[in-house]
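One structure is given below, encoded as structure tokens.
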Amino acid sequence: MGDSRAATSGQPSPRRRRRTITVGGTHPKQGDGSSRPHAAGAADHKVKAASSTPQTSNGKVAERELLQQHPSPTSPRSPGKERSNVEDIASRLGCHVLQESLLSSASGYSNYRGILNWCVVMLVLSNARLFLENLIKYGILVDPIQVVSLFLKDPYSWPAACLIIGSNVFIVAALYTERRLAVGTISEKNGLVIHIFNLTTILMFPAATVLILTSMTPVGGVVSLGVYTMLFLKLYSYKDTNRWCREIRHAKAKKLTRSNSCPNVAHCNGSVRTHVSYPGNLTYRDMYYFVFAPTLCYQLNFPRSRRIRKRFLIRRLLEMLFFTQLLVGLIQQWMVPTIQNSMKPFQEMDFSRMVERLLKLAVPNHLIWLIFFYWFFHSSMNLVAELMQFGDREFYRDWWNSESITYFWSNWNIPVHKWCLRHFYKPMLRNGVNKLLAQTCVFLASAFFHEYLVSIPLKMFRLWAFMGMMAQVPLALFVGHFLTGNYGNAVVWISLIIGQPVAILMYVHDYYILLYEATT
């Protein structure tokens with residue numbers, strides 16, 4: 001009613017007008033067009049606070065921040081703000097909780113990345129000092145031309161290469177034997193005799209050639225014998241797998257159709273891929289694909305990758321070239337002088353100096369072994385697998401986390417482990433052999449091949465590699481029964497770091513004595 005009377009009488013309304021606050025210092029005009037100062041009280045307090053804050057381009061944003069920082073005493077406080085204030089005061093009263101130290105096992109803390117980086121830095125610095133000391137003492141010993149002499153004594157005589165090329169005879173013999181077995185021309189018993197003769201010759205022929213030929217260098221002998229050893233394992237797997245296929249075929253003879261005995265064509269992602277069934281796999285292409293594939297276990301249809309990744313292939317090739325040069329340089333610059341200086345303490349049987357030389361040799365030997373592992377199992381085998389589109393790239397597992405000896409030998413060389421498991425260990429278990437004896441037989445076979453690859457190229461038999469491998473059996477039993485966790489992992493690392501230099505020094509010492517006696 002009062003407002004209506006004021007409006008009709010033309011007098012200004014007595015109601016309280018709305019005021020706005022600006023930051024720039026200019027008072028806004030009121031409803032009647034005049035500019036008046038702000039009233040005292042809460043409004044003046046807000047203006048003073050605004051003058052002490054930084055200027056903003058938006059006055060409304062500044063006003064909102066002021067209202068949040070200085071709420072009006074007349075506005076009610078929300079329950080959330082009261083609760084946050086209570087919690088803030090409570091946090092000031094107590095600052096301790098029940099908790100363990102980070103380095104305690106009960107704390108559950110596992111992020112030691114900084115400590116790992118520190119270990120790497122310390123390792124690099126210590127090895128850099130040793131390498132600098134080596135350069136100061138011996139100078140630069142790296143000679144790429146000398147590497148050629150490790151493979152060839154006579155540039156016109158290549159016995160290792162000729163021996164490797166001659167291995168095709170055994171490959172073709174195995175293929176033709178399987179073809180005759182597939183069509184029933186020869187019996188299973190006669191086929192087994194032929195396979196045994198072929199496999200035995202694969203091991204005996206190159207060994208006799210290396211021992212007889214004086215032009216064969218130790219490195220050339222190791223390479224050729226290594227190729228024949230892999231071929232022996234491959235052809236053994238080839239024989240077993242085809243025999244299993246024949247057993248399945250005989251078991252399903254009544255249900256066998258022509259489509260099951262010939263290659264089937266399947267479409268995979270738009271590309272035509274051949275799915276092979278026995279005996280359609282008995283071809284030269286299939287045989288030589290298996291010979292060059294990075295595996296020791298044969299199967300009729302390998303997993304295949306879709307395409308060849310060029311960038312991945314180039315990276316692996318560059319890694320191979322780089323690590324090859326690095327390995328040659330470290331061996332010539334670091335290993336050879338240390339081994340040469342170790343001969344005198346071994347001849348004089350100076351035990352303290354022998355231990356000192358052993359520990360000095362352990363560092364470069366272990367570093368070279370790690371680089372060789374990456375070069376062979378990651379770079380080289382992935383390069384071959386990528387070229388052949390071989391899909392199974394599990395060439396190793398996390399052997400560095402091994403808490404037992406058996407776990408290490410089962411995970412650092414997966415192709416050999418799969419072969420032993422498939423063609424040696426499980427067949428013995430199926431024939432009633434207990435687990436411990438089967439594991440011992442696997443180590444025995446591994447010890448034989450280690451000695452085969454070392455003693456024959458050096459043309460001397462000392463059985464250091466054989467005894468080193470067989471010593472893994474009691475060590476595995478001891479670690480498995482008494483040590484677990486980090487303690488078991490430490491024993492695995494110690495056996496790798498110390499065991500290899502001991503065998504190397506034993507063979508080098510005996511080889512040096514053998515050559516010294518031959519020259520004198």
Side-chain angles (χ1 to χ4, degrees), residues 174 178 192 195-196 199 202-203 226-248 278 281 289-303 373 376-378 380-382 384-385 390-453 465-466 468-477 479-480 488-489 492 495-496:
E178 286 299 327
L192 179 61
H195 275 304
I196 292 176
L199 293 172
I202 288 176
L203 294 180
V227 171
Y228 272 83
T229 300
M230 289 189 293
L231 186 61
F232 171 85
L233 300 176
K234 283 175 177 283
L235 294 185
Y236 191 98
S237 178
Y238 189 76
K239 170 189 73 70
D240 273 1
T241 305
N242 285 293
R243 177 172 58 85
W244 297 334
C245 290
R246 285 193 301 273
E247 292 175 356
I248 295 175
Y278 185 84
N281 62 306
Y289 180 88
F290 171 57
V291 168
F292 288 100
T295 181
L296 299 176
C297 294
Y298 176 73
Q299 66 185 57
L300 273 65
N301 297 280
F302 291 104
F373 165 80
F376 184 77
F377 287 99
H378 186 75
S380 302
M381 298 190 75
N382 269 296
V384 176
F390 187 80
D392 187 1
R393 307 296 177 88
E394 189 185 39
F395 306 122
Y396 55 90
R397 297 194 189 113
D398 59 335
W399 57 265
W400 46 86
N401 293 326
S402 302
E403 298 179 0
S404 64
I405 301 297
T406 54
Y407 187 88
F408 168 78
W409 288 109
S410 301
N411 291 274
W412 95 280
N413 190 341
I414 295 301
V416 172
H417 172 68
K418 285 183 178 179
W419 188 94
C420 292
L421 202 65
R422 185 189 190 196
H423 299 285
F424 199 68
Y425 181 73
K426 287 186 177 180
M428 284 191 293
L429 294 181
R430 286 194 291 266
N431 290 329
V433 180
N434 65 72
K435 187 176 180 180
L436 179 60
L437 181 58
Q439 290 179 348
T440 305
C441 291
V442 171
F443 276 104
L444 185 64
S446 179
F448 166 78
F449 281 108
H450 277 78
E451 190 66 35
Y452 175 81
L453 293 173
F466 183 87
M469 281 300 303
M470 293 308 299
Q472 300 293 309
V473 177
L475 182 61
L477 294 175
V479 174
N489 183 254
V492 173
S495 66
L496 293 174

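Because the structure is a prediction, the values reported are computed rather than measured. For the numbers below, each heavy atom of this structure counts, side chains included, while hydrogens, waters and symmetry mates do not.
For the pair Phe443 and Met469, the minimum side-chain heavy-atom distance is below 4.5 Å. A 4.5 Å side-chain heavy-atom check between Phe302 and Thr295 finds at least one atom pair inside the cut-off. Looking only at side-chain heavy atoms (C-beta outward), Phe449 and Leu203 come within less than 4.5 Å of each other. For the pair Glu403 and Val492, the minimum side-chain heavy-atom distance is 4.5 Å or more. Within the 4.5 Å cutoff, side-chain heavy atoms of Glu178 are placed close to those of Arg246. Counting heavy atoms from C-beta outward, Pro415 and Met381 have side chains that approach closer than 4.5 Å.
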Worked verdict on His195 versus Tyr236 for side-chain contact (heavy atoms from CB on, under 4.5 Å): CA-CA 8 Å; His195 275 304; Tyr236 191 98; over 6 Å; no
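Here the closest non-hydrogen pair linking Val479 and Gly488 is CG1-CA, 4.1 Å. Of all non-hydrogen atoms in Gly226 and Leu453, the two that sit nearest each other are N-CD2, 3.7 Å. When all heavy atoms of Phe466 and Glu451 are compared, the closest pair comes out as N-OE1, 2.9 Å.
Classified by interplanar angle (parallel below 30°, tilted 30° to 60°, perpendicular above 60°), the ring pair Tyr289/Phe390 is tilted. Under the 30°/60° scheme for interplanar angles, the aromatic rings of Trp409 and Trp412 are found to stand perpendicular.
Looking at Asn281 and Asn242, their side chains do bring a donor and an acceptor atom within 3.5 Å of each other.
Separating the CD1 atom in Ile405 from the CG atom in Leu475 is a distance of 4.0 Å, to the nearest 0.5 Å. Rounding to the nearest 0.5 Å gives a distance of 9.5 Å between CG of Asn411 and CH2 of Trp400. Put simply, CG on Asn301 and CD on Gln299 are 7.5 Å apart, with the number rounded to the nearest 0.5 Å. Rounded to the nearest 0.5 angstrom, Tyr407 OH and Arg397 CZ are separated by 7.5 Å. Atom CD1 of Ile414 and atom CZ of Arg393 lie 16.0 Å apart (nearest 0.5 Å). A distance of 7.5 Å separates CZ in Phe424 from CG in Leu444, rounded to the nearest 0.5 Å.
Note on residues 412-422: pairs passing salt bridge (Lys or Arg N to Asp or Glu O under 4.0 Å), not counting sequence neighbours, are Asp392-Lys418. Applying the salt bridge (Lys or Arg N to Asp or Glu O under 4.0 Å) rule to pairs touching residues 227-238 yields nothing, sequence neighbours excluded.
In terms of modelled atom types and a separation under 3.5 Å, the side chain of Tyr452 and the main chain of Thr229 share no donor-acceptor contact. Of the possible polar contacts, one joining the Ser237 side chain to the Tyr298 backbone as a donor-acceptor pair under 3.5 Å is found. Using modelled atom types, one side-chain atom of Thr440 and one backbone atom of Leu436 make a donor-acceptor pair closer than 3.5 Å. Within the 3.5 Å criterion, the main-chain N or O of Asn413 finds no donor-acceptor partner in the side chain of His417. Of the possible polar contacts, one joining the Asn489 side chain to the Ser402 backbone as a donor-acceptor pair under 3.5 Å is found.
For Phe373, the ring-ring contact (aromatic ring centres under 6.0 Å, His included) test picks out Phe377, Tyr396, Trp399, with sequence neighbours left out.
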